[in-house]
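Have a look at the structure below, then the notes.
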There are 2 protein chains.
Amino acid sequence: MKPKLEDVAKLAGVSKTTASRVLNNRGYLSEKTLKKVHDAMEQLNYQPNAAARQLFKQKTGLIGLIFPTVSNPFFGELVDYLEYELYQRQFKVIIGNSLQDISKETDYLNQLLAGQVDGLIVGTHNQGIAEYKYSHLPVVAIDRVMNSDIPIVESDNYNGGVLATERLIKSGVKQIIHTNGPVDLETPANRRRLAYEKVMQDHGLPHNTFTVDFRLSYNEKKEQYNKLFDLYPNVEAIFASNDVDAKIIMTIAEERGKKIPDNLLVVGYDGTELMRNIVPELTTVIQPIEEMAKTAVDVLIKRISGVQTEPEYILPVTLWDGRTGIK
Amino acid sequence: MKPKLEDVAKLAGVSKTTASRVLNNRGYLSEKTLKKVHDAMEQLNYQPNAAARQLFKQKTGLIGLIFPTVSNPFFGELVDYLEYELYQRQFKVIIGNSLQDISKETDYLNQLLAGQVDGLIVGTHNQGIAEYKYSHLPVVAIDRVMNSDIPIVESDNYNGGVLATERLIKSGVKQIIHTNGPVDLETPANRRRLAYEKVMQDHGLPHNTFTVDFRLSYNEKKEQYNKLFDLYPNVEAIFASNDVDAKIIMTIAEERGKKIPDNLLVVGYDGTELMRNIVPELTTVIQPIEEMAKTAVDVLIKRISGVQTEPEYILPVTLWDGRTGIK
DNA sequence: TTGTAGGCGTTATCAG
DNA sequence: CTGATAACGCCTACAA
């Protein structure tokens with residue numbers, strides 16, 4: 001059905017080898033055969049078979065991206081930039097969203113490690129993935145601690161925590177709550193919490209972190225955040241773990257009669273282009289998503305080519321100073 | 001470096017054939033060899049080579065997804081569901097974001113048509129893609145007209161347009177503007193415009209559609225929407241082409257001193273989970289994203305198995321009745 | 001400048 | 001129950 005190189009060769013009246021040479025511009029070809037072969041390829045609408053090439057070359061031209069879900073704006077934008085950067089370097093991208101299933105990450109890994117991809121960029125929240133160890137596949141982690149062999153690209157979470165907390169303290173509020181994922185997850189995002197705690201302590205203020213699992217549905221999250229307000233009725237400010245949650249918190253606060261920023265200050269985290277454009281009033285910490293993507297791809301390509309890389313790449317964050325973080 | 005089946009066979013003291021049988025649970029195996037081979041596989045941490053399999057089987061287990069960008073919540077959620085559905089059926093997913101480049105779509109296509117994938121789900125906004133014709137690859141389009149051979153999965157855009165327009169008219173406003181992409185793009189989304197025009201006419205009201213290209217950056221879009229207000233200073237309501245733009249319009253309106261909903265009604269389109277949760281006040285038309293993804297995958301699988309399919313699948317929309325659409 | 005032959009790793013057919 | 005062999009489509013020594 002689908003033409004192969006041999007068909008092209010036959011039609012052009014040459015050997016497979018010659019046809020292959022034309023296909024890859026290798027060696028010396030006479031103008032005449034060049035044209036013959038090109039014509040034949042066109043006529044048959046020939047496309048070289050990817051699997052055969054991969055088998056021979058021992059590389060696939062594919063990179064696997066494993067992230068919780070592209071329906072979250074942060075990961076959506078990150079994956080978008082990653083795909084863009086990789087495309088520039090002739091790589092295509094296989095994506096796996098691992099949020100729903102804990103087993104799915106492992107499953108993806110096992111399959112991808114089967115020589116299905118030339119490298120992996122990972123930013124999942126699941127844990128205990130021993131599989132990474134067993135592979136010699138180049139891997140880069142984004143905002144996620146895997147193991148000592150795997151380089152991490154991350155934004156400056158500690159400084160982000162400092163910026164957010166200090167912004168809130170400046171308005172003179174005392175009761176500032178931080179929301180974050182489970183502590184036991186070994187992620188650089190935990191440094192935001194450390195920064196928050198340190199800054200609060202330095203100012204002689206009490207710190208309280210309210211834990212909410214990433215994986216919860218929107219309704220479950222709303223329930224949790226309602227509990228936050230029940231638990232801390234006098235809360236004056238919230239430093240949320242991400243912008244989506246920050247906005248949900250704002251809505252709940254308003255439902256409960258709290259005006260923002262008068263009765264409650266809110267600072268988010270991530271600062272995606274989307275959120276900055278549709279909720280510009282939200283004060284937030286901007287992660288340099290494009291830079292993170294670029295760096296991750298650079299590092300991965302280096303690893304693929306066997307070049308040495310650093311264990312950690314920390315990129316600077318900035319504060320988006322909206323109306324919700326100051327009064 | 002990486003062990004192959006032959007290494008496993010050698011270690012287990014059997015032939016490649018037997019090892020392959022164990023790997024695929026095919027035919028009769030004695031308990032003893034079964035164990036031997038399994039042990040060997042474990043010991044070597046064997047992973048079958050994907051390219052070799054693909055070459056032999058003539059299928060890749062991959063589906064290509066070509067969409068404008070996953071950083072838009074609608075496409076993000078859609079891709080998320082598509083990936084989920086396809087994973088359930090043992091397919092992995094290659095994604096291509098074609099928004100930035102016009103040539104990128106063509107490029108992706110050509111590469112993917114090279115037997116790199118077993119099927120394609122397409123939802124781009126670019127046009128004039130002749131390549132689809134030349135391939136016998138199973139393709140399904142989402143909300144996009146390709147050519148007569150390619151089935152379309154879409155939500156009921158016409159009814160969506162009716163719901164949105166009628167919602168606005170109910171509040172007694174007269175000057176209702178609709179925003180949409182370029183008319184010349186042959187997309188089912190144009191039916192929203194038709195519905196809007198028809199409903200307005202039926203009510204004896206004037207209709208005006210304001211064209212804004214999808215591909216514009218956020219800043220360019222803001223500029224455009226500012227022009228909208230300059231052009232129609234007395235606008236009373238806007239039926240926007242999507243929720244993100246609707247929210248941007250709301251922000252601009254408020255900057256210009258218009259209170260919503262008192263001085264301006266706004267209805268969006270898409271109704272993603274994200275937007276319904278972070279901007280619940282926005283009245284919008286909900287596209288059944290999950291159903292669309294399921295249907296698209298069903299149809300694609302049918303096509304791959306050579307089963308006949310309908311030319312068009314239209315799924316019902318619903319109205320999300322927020323505070324911005326009524327006064 | 002062009003052709004022949006063998007191999008990339010897997011699976012299926014056909015004997016045994 | 002198990003093993004040899006050919007084939008999937010492409011690419012590159014090596015020969016001519």
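Naming: A, B, ... by sequence-line order, numbering from 1 per chain.
From one end of the helix from C/dT1-D/dA16 to C/dG16-D/dC1 to the other, with five pairs defining each end axis, the axis direction shifts by 40° (rounded to 10°).
With hydrogens and angles ignored, the 3.5 Å screen pairs a side-chain donor or acceptor of B/Glu77 with a backbone N or O of B/Glu273.
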- Message: For a quick check, with a 4.0 angstrom heavy-atom cut-off, what is the B/S/- contact string for nucleotides 9-16 of chain C, read 5' to 3'?
- Response: BBBBBB--
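For the 3.5 Å distance criterion, the side chains of B/Thr18 and B/Ser15 qualify, holding a donor opposite an acceptor. Between the side chains of A/Thr124 and A/Glu105, a donor-acceptor pair is found at a separation under 3.5 Å.
Salt-bridge annotation for B/Lys104 and A/Glu83: present, with a side-chain N of the basic residue lying under 4.0 Å from a carboxylate O of the acidic one. The existence of a salt bridge linking B/Glu290 and B/Lys294 is confirmed by a sub-4.0 Å separation between a basic side-chain nitrogen and an acidic carboxylate oxygen. Using a cut-off of 4.0 Å between Lys/Arg side-chain N and Asp/Glu carboxylate O, B/Lys16 and B/Asp7 are scored as not salt-bridged.
Heavy-atom contacts from other residues, nucleotides or ligands closer than 6.0 Å to CD of A/Gln88 number more than 12. Atom CD of A/Gln90 has 12 or fewer neighbouring heavy atoms from other residues, nucleotides or ligands inside a 6.0 Å radius.
For DNA chain D, the span of nucleotides reached by chain B at under 4.0 Å from its heavy atoms goes, 5' to 3', from D/dC1 to D/dG9.
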- Intermediate values then yes/no, side chain to side chain donor-acceptor pair (under 3.5 Å), A/Ser20 and A/Thr17: CA-CA 5 Å; A/Ser20 171; A/Thr17 313; over 6 Å; no
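The OG1 atom of A/Thr295 sits 14.0 Å away from the CD1 atom of A/Ile152 when rounded to the nearest 0.5 Å.
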